[in-house]
Amino acid sequence: PAQSSLAGTWVNELGSKMVLNPPDDSGQFTGSYLTAVSAAQKPIRVSPLVGAQHDPKGAEEEYTFGFLVNWSFSDSIAAFAGQRFVDAEGKETLETTWLLRQKVESHGDDWEATRVGRNVFTRAA
Ligand SMILES: O=C1C=CC(=NNc2ccccc2C(=O)O)C=C1
């Protein structure tokens, strides 16, 4: 099958964009995340991303990956874990589940500090 890593530009259902660099031989990669979530911040700022994928040579098609986004506009951090899927037409989808950890002002507020959600990414046109 055609070799394909996660390198490239992806967009999620919120309209956020992420640009992923090619992975190294151990599957580790860097990138940048451009959130479209206006509640998050203005003006749009880029946040750095680090991650890792299985099968960095892309011999298989449907490998798992994870990455961290260190939001540049807030004291929060997000951890994404997911899998790449390729359909019969070769269209790729990244199904992810994320944890968004906000910084809370007191240990007593720790209980409400982590949100969980899902994001689907497709290759930007
Ligand atoms: O501090 C904050 C507050 C809101 C945020 N929203 N964006 C997200 C949160 C989770 C997953 C994806 C996104 C996104 O922007 O695509 C990000 C950081």
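Indexing begins at 1, ligand by ligand and atom by atom, following the structure's order.
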Residues E92, R123: salt bridge by 4.0 Å N-O rule = yes

Of W98, F121, Y33, the residue with the heavy atom nearest atom 16 (O) of ligand 1 is Y33

Quick note on ligand 1: atoms under 4.0 Å from a heavy atom of S76 include exactly 1 (O), 2 (C), 18 (C)

A student checking ligand 1 against T35 at a 4.0 Å heavy-atom cut-off should list atoms 7 (N), 14 (C), 15 (O)

Atom indices of ligand 1, in the order listed, that fall short of 4.0 Å to a heavy atom of F80 = 11 (C), 12 (C)

T30 versus N21, side-chain donor and acceptor atoms under 3.5 Å | yes

Pair R101-S76, side-chain donor/acceptor within less than 3.5 Å = no

Among S74, S16, G15, which one has a heavy atom closest to atom 14 (C) of ligand 1?
-> S16

Is any NZ, NE, NH1 or NH2 atom of the basic residue among K103 and D109 found under 4.0 Å from an Asp or Glu carboxylate oxygen of the other?
-> no

In ligand 1, which numbered atoms sit nearer than 4.0 Å to a non-hydrogen atom of L14?
-> 14 (C), 16 (O)

Numbering the atoms of ligand 1 from 1, which are under 4.0 Å from a heavy atom of N119?
-> 11 (C), 12 (C)

Geometric class of the F121/F67 ring pair [parallel <30°, tilted 30-60°, perpendicular >60°] | perpendicular

Between T93 and T122, is any side-chain donor less than 3.5 angstrom from a side-chain acceptor?
-> no

Where on V69 is there a heavy atom closer than 4.0 Å to ligand 1, on the side chain, on the backbone, on both, or on neither?
-> neither

